[in-house]
Amino acid sequence: MGPVRWARLLAFSFPLLFLIAALARSTAAQIDPSGEWAPRFDEDWEERIPGPEIGDYLGIPINAADRLRGDSWDAALIELQENQCRAHGSDYGWRGPSNLNIWKEVDRATQQVIAYHTHLSAYGAEQTIWMDGRPHPPDYAQHTWQGFSTGKWEGDTLVITTTHLKENWVRRNGLARSDLATASVHIMRHGNYLTVAVITYDPVYLTEPFIRTADFVSAPQQTMAPWPCEAVDEVDRPEGQVPNHLIGLNTFLDEFPANYGIPPEATRGGAETMYPEYQEKMKGMKRLPPPAKRVVNQ
Amino acid sequence: MKISDARGEKLVCLAAIIVAVLAIAGLPRNARGQQNSATTNSAPPTRDYSKAEVHVLPVQGNIYMLVGAGGNITVQVGKDGVLVVDTGVAQMSDKVLAAIRSISDGPIRYIINTHVHPDHTGGNEAIAKAGSTIAGGNVVGDIGASAGNQAAIIAFESVAERMSMPDGNQPAAPQGAWPTETYTTPKRKMFFNGEGIEIIHIPDAHTDGDSMVFFRRSDVISTGDIFVTTSYPIVDLQRGGNIQGVIAGLNRIIDIAIPEDLQENGTLVIPGHGRLCDVADVVFYQEMVTIIRDRIQDMVNKGMTLEQVQAAKPTRDYDPRYGSTTGFWTTEKFVEAVYKSLSPKH
């Protein structure tokens with residue numbers, strides 16, 4: 001083969017090789033989270049399904065203000081019409097008893113993915129994750145339970161940034177997450193398993209980023225139940241009454257440490273209680289005597 | 001503050017309210033509309049608005065929200081013209097007018113004032129002059145053609161009283177800024193741009209002259225300063241405000257508003273300051289204010305003094321979001337206003 005033929009071959013081959021390499025890279029770098037998924041509750045079952053205990057703030061980097069929010073919270077608040085159909089925030093809903101559906105929205109002309117949509121069966125919560133590079137709205141725009149989300153690929157991980165969240169839970173026992181919080185959600189797929197890692201940043205109530213994960217398994221034949229919610233008057237109350245415990249008068253806070261033999265000081269939470277070395281510190285702490293009859297959260 | 005010297009206390013309150021009103025007029029309406037007040041209130045009371053911008057946010061139906069001119073401004077547009085709820089600070093009138101004109105070329109027919117403070121009424125004169133009223137019959141006969149040469153300004157009666165005479169150390173507002181139509185009933189109704197509009201008086205809340213405006217077809221409530229997202233509620237005791245009225249106003253919003261699915265959207269709520277909201281946001285705020293009211297009421301019932309209540313820090317779980325140690329409306333002043341609202345001595 002003469003030098004001219006070699007040159008022609010190379011001239012044709014290089015663009016083709018580049019194209020193949022680019023396609024291979026894009027396929028390898030981006031998993032597809034689309035599909036139907038069923039939750040796995042091996043992690044934090046007690047908190048996620050029966051529900052957290054009153055006064056259990058362990059392992060959450062709350063500040064003193066959020067601790068008082070939790071102490072003042074009265075579960076009767078959920079009875080109010082205004083709160084009965086309130087959805088979980090998108091930084092919390094992944095951990096609920098929810099089947100998950102993820103689908104992508106493709107621009108017809110360019111065939112580019114412009115958004116992923118998620119539907120969680122609990123509350124029928126739907127989130128849109130914009131992939132088209134659009135900016136987040138101005139701060140005077142409305143906040144929602146799901147917030148405003150944009151996504152980008154970092155290797156095989158879909159990284160979602162969420163702003164414009166309404167106030168919601170850090171834990172479903174009164175610990176609040178403010179409407180100034182933002183979230184970074186990382187979605188990773190390993191074969192038939194999907195891991196969702198949520199990092200919540202709250203300048204109002206958290207002293208450190210709070211990281212939680214939830215796992216799902218592929219379930220392409222699942223049935224997604226609807227979530228009709230109609231608020232009704234459950235208890236006759238004077239208009240405007242807000243159930244709450246006055247400061248220092250919540251008598252339920254001792255139940256959790258007494259039932260589980262955990263030092264009351266540890267149950268108060270804070271960033272320190274997130275780390276393994278805290279277990280050493282707990283050894284020297286005073287515990288409450290066990291109750292005559294243990295109340296178990298079922 | 002000692003409360004035994006009633007005259008001294010009045011003077012201190014008067015000074016505090018004057019500073020408050022001046023500072024309200026100077027509130028920065030920057031892009032972070034929902035920042036906590038610790039940041040917002042740190043700005044000097046007299047703000048240079050020369051570089052401030054007015055932002056237009058479409059809400060729903062016929063309604064737009066203007067942000068950046070002092071208090072939030074609500075604009076309703078349609079075939080009959082333009083109706084404006086509040087007018088921002090006087091310095092921003094040109095930019096407010098330009099923002100209105102970017103939405104509609106229609107005649108500005110009505111201004112509704114939610115209350116008396118100059119960050120909500122400062123633009124009355126300039127914006128009213130840019131508009132016109134449909135006037136005829138005896139009105140034109142008695143007053144002359146000038147009856148129609150500015151937009152009508154509607155407010156609760158006490159707003160007109162306070163604007164038309166010196167109020168403490170604050171001089172009377174220019175005559176062109178005064179309300180031209182007042183009401184004294186619990187509600188005033190009107191129909192404009194194809195929808196019913198309810199102007200609802202909330203007695204003794206942020207002030208004694210508060211109105212909320214409910215656009216029934218667009219399904220939007222403009223609340224004035226009864227509801228804000230930037231700070232604890234500002235209770236202007238000097239002008240007849242009371243925390244119980246603020247809570248009644250918040251309850252009224254929750255009563256009127258109907259959310260869509262999942263307690264979200266449906267009726268949208270434009271606060272006096274801060275970001276666009278729906279009823280769920282109002283519920284969180286109402287719960288916060290009610291819980292703090294309950295705590296301070298319990299302390300008042302136990303005979304605690306204001307100093308003891310302040311020392312107990314009854315707002316400390318909400319302070320990182322709504323509190324402030326600087327600026328015109330500090331947490332301390334809020335607690336004092338709640339205490340005085342609830343104390344039998346006051």
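The sequence lines fix the lettering, A, B, ..., with proteins before strands; numbering per chain opens at 1.
Heavy atoms from other residues, nucleotides or ligands lying under 6.0 Å from NZ of B:Lys313 number 12 at most. Around atom CD1 of B:Ile258, no more than 12 heavy atoms belonging to other residues, nucleotides or ligands sit under 6.0 Å away. Counting non-hydrogen atoms of other residues, nucleotides and ligands closer than 6.0 Å to CD of A:Glu234 gives a total above 12. More than 12 heavy atoms of other residues, nucleotides or ligands lie within 6.0 Å of CD in A:Glu126, so this atom counts as buried by the packing criterion.
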Applying side-chain contact (heavy atoms from CB on, under 4.5 Å) to A:Arg86 and B:Val283, what does each step give before you reach the verdict? CA-CA 11 Å; A:Arg86 163 187 158 179; B:Val283 168; over 6 Å; no

Under the criterion side-chain hydrogen bond (donor to acceptor under 3.5 Å, both in side chains), I'd like the reasoning laid out for B:Glu287 against A:Asn244: C-alpha separation, chi angles, the key distance, then a yes or no. CA-CA 9 Å; B:Glu287 289 175 357; A:Asn244 69 92; over 6 Å; no

Begin from the C-alpha positions of A:Val242 and B:Met288 and carry the test side-chain contact (heavy atoms from CB on, under 4.5 Å) through to its verdict. CA-CA 9 Å; A:Val242 176; B:Met288 177 270 289; over 6 Å; no

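The minimum heavy-atom distance between B:Ala280 and A:Lys166, with the atom names listed, is CB-CE, 3.9 Å. A:His143 and B:Asp281 make their closest contact through O-OD2, 4.5 Å (heavy atoms, listed as atom of the first residue, atom of the second, distance). Between B:Ile254 and A:Glu82, the shortest heavy-atom contact is CG2-CG, 3.7 Å.
In this structure a side-chain-to-backbone donor-acceptor pair under 3.5 Å is missing from A:Gln142 to B:Leu276. A side-chain donor-acceptor contact under 3.5 Å links A:Trp145 to the backbone of B:Leu262. Panel note: side chain A:Tyr205, backbone B:Asp317; a donor-acceptor pair is recorded below 3.5 Å.
With a 4.5 angstrom heavy-atom cutoff, A:Gln84 does not touch chain B via any of its atoms. At a 4.5 Å heavy-atom cutoff, A:Asp66 makes no contact with chain B through either its backbone or its side chain. For chain A, the nearby part of B:Asp298 is the side chain; its heavy atoms alone come within less than 4.5 Å.
With rounding to the nearest 0.5 angstrom, the OG atom of A:Ser72 is 7.0 Å from the OH atom of B:Tyr318. One distance of note links CD1 of A:Ile247 with CZ of B:Arg295; it measures 4.0 Å at 0.5 Å rounding.
The residue among B:Leu268, B:Val59, B:Asp278, B:Val279 with the most heavy atom pairs within less than 4.5 Å of chain A is B:Asp278. In terms of heavy-atom pairs under 4.5 angstrom with chain B, the leader among A:Leu80, A:Asn83, A:Leu246 is A:Leu246.
Between B:Arg316 and A:Leu68 the shortest side-chain heavy-atom distance falls below 4.5 Å. The shortest side-chain heavy-atom distance between B:Glu264 and A:Cys85 does not fall under the 4.5 Å cut-off.
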